[in-house]
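Order of the sequence lines fixes the chain letters, A, B, ..., with proteins taken first and strands second; residue numbering starts at 1 for each chain. Any value given below was found using the heavy atoms of this structure, including those in side chains, with hydrogens, waters and symmetry copies removed.
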Amino acid sequence: MEKGLTNYFENFLEKESLFTNKKALQSNYLPETLAHRDTQIQQIAQILAPVLKQEKPSNLFIYGKTGTGKTVSMKHIIRDLSKISEEKAIPLHMCYVNCKLKKITDTEYRLLAHLARELGKEIPSTGLPTDEVYKIFFSALEQKKHMFVLILDEIDWLIKKTGDEILYNLTRINAELEHSQITLVGISNDLVFTDSLDPRVKSSLSEEEILFPPYNALQIQEILNQRAAIAFQKKKLVPGVVEKCAAFAARDHGDARRALELLRVAGELAERSDMKKVEIKHLDQAEDKIERDRMVEAVATQPKQVQATLYAILNIPQEKNNLIFTGEVYNIYKGLCLKTGLRPLTQRRVSDVIGELDMLGIINAKVISKGRYGRTREISIPLSTEITTELKSLLEDGLAFV
DNA sequence: CGAGATTCATGTGAAGTATACCTTTAGGCTTAA
DNA sequence: AAGCCTAAAGGTATACTTCACATGAATCTCGTA
């Protein structure tokens, strides 16, 4: 037994890896050059360049679907600008914030607290009045005497949850700052998001707008090839893998991030099963695995109550066109609480929870009116039965059944 | 037969509550002069 | 008397509850052709 394990590890070490540098396929990887995003990067650079001369650039709004390179492009620019400002000792602070991070940047208070911490201030997680945090942030900013570029990624989430007041306040702050200026860059993949903004906020946020169009299959192929050259050993990909991978991604709106992830996971799967090369079948397996992992991850990190609600939804007998209604869910949920000793939430709250699950993409919930028979959410589960059963058992463990 | 009125089951907004955490302040204790 | 620590008072954000009203199409009602 012991011996076998040691052997296994020894073999593992000796085995030649398919990868040379797997990082190149990870989503946080920043390549030296970005293919097919020259015009966009150029535009952004032009708009933001004035910061180097200590002039306030226009606020900027960037939009485009997921995986069109918005975030990478922006990070690219952040990197270059920061480098230059450092070399030339230009007082410039670029701050990238992803607003989708639960419990970190998903409310006005938390975002502000995060920003103040970025400037080296200690902010408690709760307890302080929000305008107090504004003041702290404000004075820290003023003290530093520099240009502050605030990049809000997934800004639509923030606004959806907390309203657009934050943006209004942030743009207004400039008028009161004497030694510093703040520039906003909003990134969103919701194309119609700005319509829901207060007109004043809208006009000031999108003084400039840049659209990131989806990549086409050919462009994705090039990107994949570029990255694969760095990530994989030579000739480890069966011909056609990249093409198939690009086709997968182009199928739903040219999402390059997905394509890269697909390739990486396919590589990992090939390696794990001791194959010499990455084959097409690994792509199919990878697609499965990614979907599954994403769901498991999303579900496992939810609070207990959300999990219980989801479990209730998954456990409704799936006969008639799998249409499920809120009342039904709530009843099962209550029974579940009884069994697990969980304190039941009100229907009001569960209604919101269902909305949250919908936002997370774990379920589809649409408000419909059934006429004489009332109004409710029509819930359906867009997952394969395998994933559903996997989630169920995951939840059973998590919820500690009696 | 068709235009309104009715109805149901929940959606949804506003206001209130519990909890966990923060700052301020007043009182008590210690210490140094 | 000055300094320091502690505990109570007073305040906030967040997650949730309570209350009350809003929704919107299937169904019902009733006047009319």
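When the side-chain nitrogen and oxygen atoms of A:Thr326 are compared with OP1 and OP2 of B:dG11, one or more of them lie within a distance under 4.0 Å. Checking the phosphate oxygens (OP1, OP2) of C:dA13, a side-chain nitrogen or oxygen of A:Thr130 falls inside 4.0 Å. Taking only side-chain nitrogens and oxygens, A:Thr107 comes nearer than 4.0 Å to OP1 or OP2 of C:dT14. OP1 or OP2 of B:dT7 has not a single side-chain nitrogen or oxygen of A:Tyr373 nearer than 4.0 Å.
The local environment of NZ in A:Lys23 is sparse, with at most 12 non-hydrogen atoms from other residues, nucleotides or ligands closer than 6.0 Å. Dense packing is recorded around CD of A:Glu87, with more than 12 heavy atoms of other residues, nucleotides or ligands lying under 6.0 Å away.
Atom pair A:Glu378:CD and B:dC8:P shows a separation of 21 Å (rounding to whole Å applied). Straight-line distance from the CZ atom of A:Arg375 to the C1' atom of B:dG11: 5 Å, rounded to whole Å. Atom-to-atom, NZ of A:Lys304 to P of C:dA15 comes out at 17 Å; the value is rounded to the nearest Å. Atoms CD (A:Glu356) and P (B:dT12) sit 13 Å apart, rounded to a whole Å. Taking atom CG of A:Leu128 as the reference point, atom P of B:dC21 lies 15 Å away to the nearest angstrom. Atoms CD1 (A:Ile368) and P (C:dA22) sit 22 Å apart, rounded to a whole Å. Atom CD1 of A:Ile123 and atom P of B:dC21 are 17 Å apart (whole Å). Atom pair A:Gln347:CD and C:dC16:P shows a separation of 16 Å (rounding to whole Å applied).
Checking C:dA25, C:dC16, C:dT12 against the side-chain heavy atoms of A:Pro129 singles out C:dT12 as nearest. Of the candidates C:dA13, C:dT27, B:dT12, the closest approach to any side-chain atom of A:Arg377 belongs to B:dT12. Between B:dT12, C:dT14, B:dC21, one nucleotide has an atom nearer to the side chain of A:Thr126 than all others, and that is B:dC21. Side-chain proximity of A:Leu345 to C:dT14, C:dC16, C:dA26: nearest is C:dC16.
For a distance-only test at 3.5 Å, the side chain of A:Arg348 qualifies as a donor-acceptor partner of the base of B:dG13.
Among the protein residues, A:Pro344 comes within range of the sugar-phosphate backbone only, with heavy atoms under 4.0 Å from sugar or phosphate atoms but none that close to a base. No contact: A:Ser125 has no heavy atom under 4.0 Å from any strand.
Separating the NZ atom in A:Lys56 from the CG atom in A:Asn174 is a distance of 5.5 Å, to the nearest 0.5 Å.
Between the side chains of A:Asp153 and A:Thr71, at least one donor N or O lies within less than 3.5 Å of an accepting N or O. Between A:Glu132 and A:Tyr109, the side chains place no donor N or O within less than 3.5 Å of an acceptor N or O (distance only, hydrogens not considered).
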